[in-house]
4 protein chains.
Amino acid sequence: MPSTPLRRTGRPRSTEADRAILDATRAALVELGWGKLTMGDVAARAGVAKTTLYRRWAGKNELVVDAVAALFDEHLELPDRGSLRADVEGVVLQFASLLERPETKTALMAVVAESTRDDALRDRIRSAIVDRQKSLVLIGRARAQTRGELPREPDETQAARNADLIFDVIAGAVVHRTLVSAEPVDEEWARGFTALVVGGLTAGAG
Amino acid sequence: MPSTPLRRTGRPRSTEADRAILDATRAALVELGWGKLTMGDVAARAGVAKTTLYRRWAGKNELVVDAVAALFDEHLELPDRGSLRADVEGVVLQFASLLERPETKTALMAVVAESTRDDALRDRIRSAIVDRQKSLVLIGRARAQTRGELPREPDETQAARNADLIFDVIAGAVVHRTLVSAEPVDEEWARGFTALVVGGLTAGAG
Amino acid sequence: MPSTPLRRTGRPRSTEADRAILDATRAALVELGWGKLTMGDVAARAGVAKTTLYRRWAGKNELVVDAVAALFDEHLELPDRGSLRADVEGVVLQFASLLERPETKTALMAVVAESTRDDALRDRIRSAIVDRQKSLVLIGRARAQTRGELPREPDETQAARNADLIFDVIAGAVVHRTLVSAEPVDEEWARGFTALVVGGLTAGAG
Amino acid sequence: MPSTPLRRTGRPRSTEADRAILDATRAALVELGWGKLTMGDVAARAGVAKTTLYRRWAGKNELVVDAVAALFDEHLELPDRGSLRADVEGVVLQFASLLERPETKTALMAVVAESTRDDALRDRIRSAIVDRQKSLVLIGRARAQTRGELPREPDETQAARNADLIFDVIAGAVVHRTLVSAEPVDEEWARGFTALVVGGLTAGAG
DNA sequence: GATTAAACGAGACGGTACGTCTAGTCTTGAA
DNA sequence: TTCAAGACTAGACGTACCGTCTCGTTTAATC
């Protein structure tokens with residue numbers, strides 16, 4: 001979300017412009033990819049002056065993170081599929097189909113790359129993307145524990161560590177398969193991967 | 001490696017220049033990161049004309065892939081540590097320490113991002129980086145099978161699929177932890193992760 | 001002067017604002033010169049909204065002409081110094097000291113430059129600046145004729161032509177010396193110049 | 001003239017570009033005037049990149065001075081017309097017709113205005129325009145002295161002062177008549193003006 | 001030893017995009 | 001209706017790199 005300076009006087013910022021800009025950004029990502037996307041082009045697509053972009057976002061990175069983060073909000077959820085195995089497999093396929101979208105494909109890695117040099121950007125990614133995904137892990141684990149598929153962690157520190165680990169394993173494998181290995185995450189792969197993870201989780205517990 | 005057009009006449013290309021350019025590229029990555037690295041700056045650092053860069057590499061992406069790939073060659077190996085568990089833990093820590101380097105940190109994700117739009121770049125990454133890492137998986141699995149820690153795959157197709165899966169799980173988790181979650185891969189994390197993976201591999205087998 | 005549309009309803013315009021704006025304009029001219037003077041800056045200095053400027057003046061040019069014209073009103077007069085020679089020398093030094101002011105120095109040439117492309121601006125300059133200066137020529141000549149230093153013109157057309165000529169010679173020389181040659185108009189120069197002009201006027205008559 | 005750094009290595013600057021840029025600048029001045037002339041537009045007209053302009057000239061002011069100065073070189077000369085009166089009248093009409101050109105009309109005053117704030121620009125104007133005009137005064141006076149129309153100055157200091165005075169009177173009157181009063185310099189005006197100046201010069205001497 | 005052909009440095013070239021700035025207009029709520 | 005505040009469109013600014021090109025100068029292998 002753009003910075004909201006909470007003013008009281010003067011003309012208020014156009015909320016339409018916000019939407020138009022983010023939509024235009026996603027459209028430009030699809031057509032041009034991260035590398036060729038330009039601020040001027042986004043402004044033109046949104047029917048907005050460049051100044052209006054820069055009044056809200058400090059630069060390309062911030063804008064793209066926000067534009068992409070919105071997709072994570074809309075497309076990640078964890079319906080109860082009845083078993084840990086089904087839940088993991090479901091979220092893997094769901095996440096993979098999100099990563100296959102042309103607007104996320106390039107943009108995600110690009111902003112991650114930038115974030116290694118930019119603390120503000122890293123925080124933005126963490127709160128806009130990472131934390132939202134992690135919450136799915138927490139939900140899924142709680143369900144599995146309720147079902148008796150997974151033991152409860154002895155203490156909170158350990159619980160948090162395990163959640164982080166599971167998150168990096170699942171998200172990391174899907175991202176790596178999709179973007180680095182550049183191979184499709186199909187049902188077969190998801191089945192194999194889920195077997196490995198669920199096996200590891202239950203074996204490690206036993 | 002830069003393109004070598006196999007000429008016979010004329011002044012041969014300076015091999016010093018090759019080295020100087022790759023060194024300069026890594027130095028520039030450390031200081032500036034991917035985003036601020038420019039061809040002109042690399043040329044100046046290397047004491048070389050811009051033309052000389054473009055005579056050898058098509059652009060920034062190709063140059064950086066080669067500069068980073070050299071590090072993968074030098075720093076990835078798989079000594080026999082006596083057990084599957086020790087081998088996995090070792091390679092995880094080794095890969096993590098490579099990713100912590102400032103010259104790889106940004107560069108790797110950046111070229112991956114670019115590769116989603118550029119097939120030639122994807123091939124270069126695959127042969128220069130991905131395949132070299134995968135070969136470690138093959139070596140490690142063969143050892144584990146020799147030791148009797150893992151069963152032999154029934155057929156080659158399945159063997160290849162499993163190797164790819166293990167590769168994406170291990171590399172993906174380390175990359176994601178390091179770059180996306182932006183948390184350190186320390187021995188504790190490596191232990192937990194290894195337990196999960198080895199548990200999954202042996203459980204899935206049993 | 002700003003346009004005064006003689007309204008009766010609504011909040012009346014602040015007369016303080018008029019003065020504050022013109023003062024701020026002159027202050028900005030001194031500090032920044034014509035080129036760097038901005039409407040936003042003038043508004044801020046005057047403690048006034050930009051809207052208020054545009055409600056009174058059509059743009060930068062009009063505003064600056066008015067701000068400068070006020071100085072011409074205050075600082076140009078022609079006391080009777082007893083002789084044609086003394087009157088000319090006096091007005092030359094007076095005009096020169098006005099042109100030496102930093103707020104007139106740049107502004108005058110700048111608005112003249114703009115006026116070559118803008119008829120409305122040319123008229124504004126003519127009535128706000130040129131005509132006021134010309135009236136001094138008429139006064140001075142009438143005195144000189146009364147004193148018998150100059151003959152009376154045979155007809156009005158010729159009289160007008162001569163007045164225009166004298167005006168352009170005196171004002172032109174002072175402006176050119178000050179702004180183009182960028183040399184000071186000191187008493188010595190004024191003496192030499194006056195000798196030339198008065199010599200020409202009386203010789204031409206004889 | 002653009003800055004000439006006298007290099008020996010590297011690709012030499014295109015002399016065609018120099019000409020094309022100055023021509024384009026004059027064309028743009030005619031069409032748009034000083035205020036609307038933009039560097040980008042000049043570059044486009046000249047078929048040249050903006051960078052190429054900025055490599056040679058520091059900005060709009062410098063470029064326009066050079067573009068206009070070229071006209072002064074080409075169009076100001078002082079053929080011997082047989083008498084001081086004829087020489088003065090000739091140069092007045094010649095200078096007036098130069099000032100009437102749309103490309104000089106606005107530009108000259110505009111750069112003079114800027115020069116009041118910019119010493120480098122003032123120097124450029126002095127050497128590119130003022131000094132060249134002054135040399136005509138020196139030539140004309142020498143001729144008049146040879147003809148016996150004017151006395152020789154007693155010393156050099158006085159000679160220089162007089163030359164400067166005559167220059168400011170002639171150039172100033174023509175500029176002021178043309179640009180400030182915005183009236184035409186026709187033969188009649190030139191005759192009247194010449195009578196005044198020549199009268200003053202010879203009367204002052206007598 | 002002379003020739004030759006490519007690689008070399010330097011740096012100008014046409015372009016594209018950047019992020020900033022200013023002009024002048026429009027929209028809000030308070031006076 | 002004006003005011004202060006400030007967001008808005010439009011577009012020029014000067015900078016930085018891009019990747020290409022044109023020079024004149026090495027430099028090794030061939031003649």
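A, B, ... follow the sequence lines: proteins, then strands. Residue 1 opens every chain. Just so you know, these numbers come straight off a predicted model, no measurement behind them.
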Nearest whole Å is fine: how far is [N] [atom2] from [X] [atom1]?
X       : N      : atom1 : atom2 : value
C:Met39 : E:dT25 : CE    : C1'   : 12 Å
C:Arg45 : F:dA4  : CZ    : C1'   : 19 Å
D:Glu16 : E:dC13 : CD    : C1'   : 13 Å
C:Leu53 : F:dG6  : CG    : P     : 17 Å
D:Arg56 : E:dA12 : CZ    : C1'   : 8 Å

* To do: Measure across C:Arg26 and C:Ala70 and return the closest heavy-atom pair with its distance rounded to 0.1 Å.
  => NH1-CB, 3.6 Å
* Out of F:dC8, F:dT20, E:dA17, which has the shortest distance to the side chain of B:Lys50? -> F:dT20
* Any idea which of E:dG11, F:dC13, E:dG19 is nearest the A:Tyr54 side chain? -> E:dG19
* Give C:Leu37 one of three labels, base, sugar-phosphate or nothing, depending on what nucleic acid heavy atoms sit under 4.0 Å from its own. => sugar-phosphate
* Across the strands shown, which category fits A:Gly59 at heavy-atom distances under 4.0 angstrom: base, sugar-phosphate, nothing? -> nothing
If only side-chain N and O atoms of [X] are considered, is one of them under 4.0 Å from the OP1 or OP2 phosphate oxygen of [N]?
X       : N      : answer
C:Thr52 : F:dA4  : yes
A:Arg13 : E:dC26 : no
C:Arg55 : E:dC26 : no

* To do: First locate atom OG1 of D:Thr25, then atom CH2 of D:Trp57, and finally report the distance between them rounded to the nearest 0.5 Å.
  => 6.5 Å
* Mapping A:Ala17 and D:Thr51 to their closest nucleotides on DNA chain F, which lands nearer the 5' end? -> A:Ala17
* Where each residue is assigned the nucleotide of DNA chain F containing its nearest heavy atom, which of A:Arg11 and D:Thr38 is assigned the position nearer the 5′ end? -> A:Arg11
* So, is the end of the C:Lys60 side chain (NZ or CZ) under 6.0 Å from the ring centre of C:Trp34 and within 45° of the ring's axis? -> yes
* Asked: Does the distance from a Lys or Arg side-chain N to an Asp or Glu carboxylate O, for D:Asp66 and D:Arg124, drop under 4.0 Å?
  -> yes
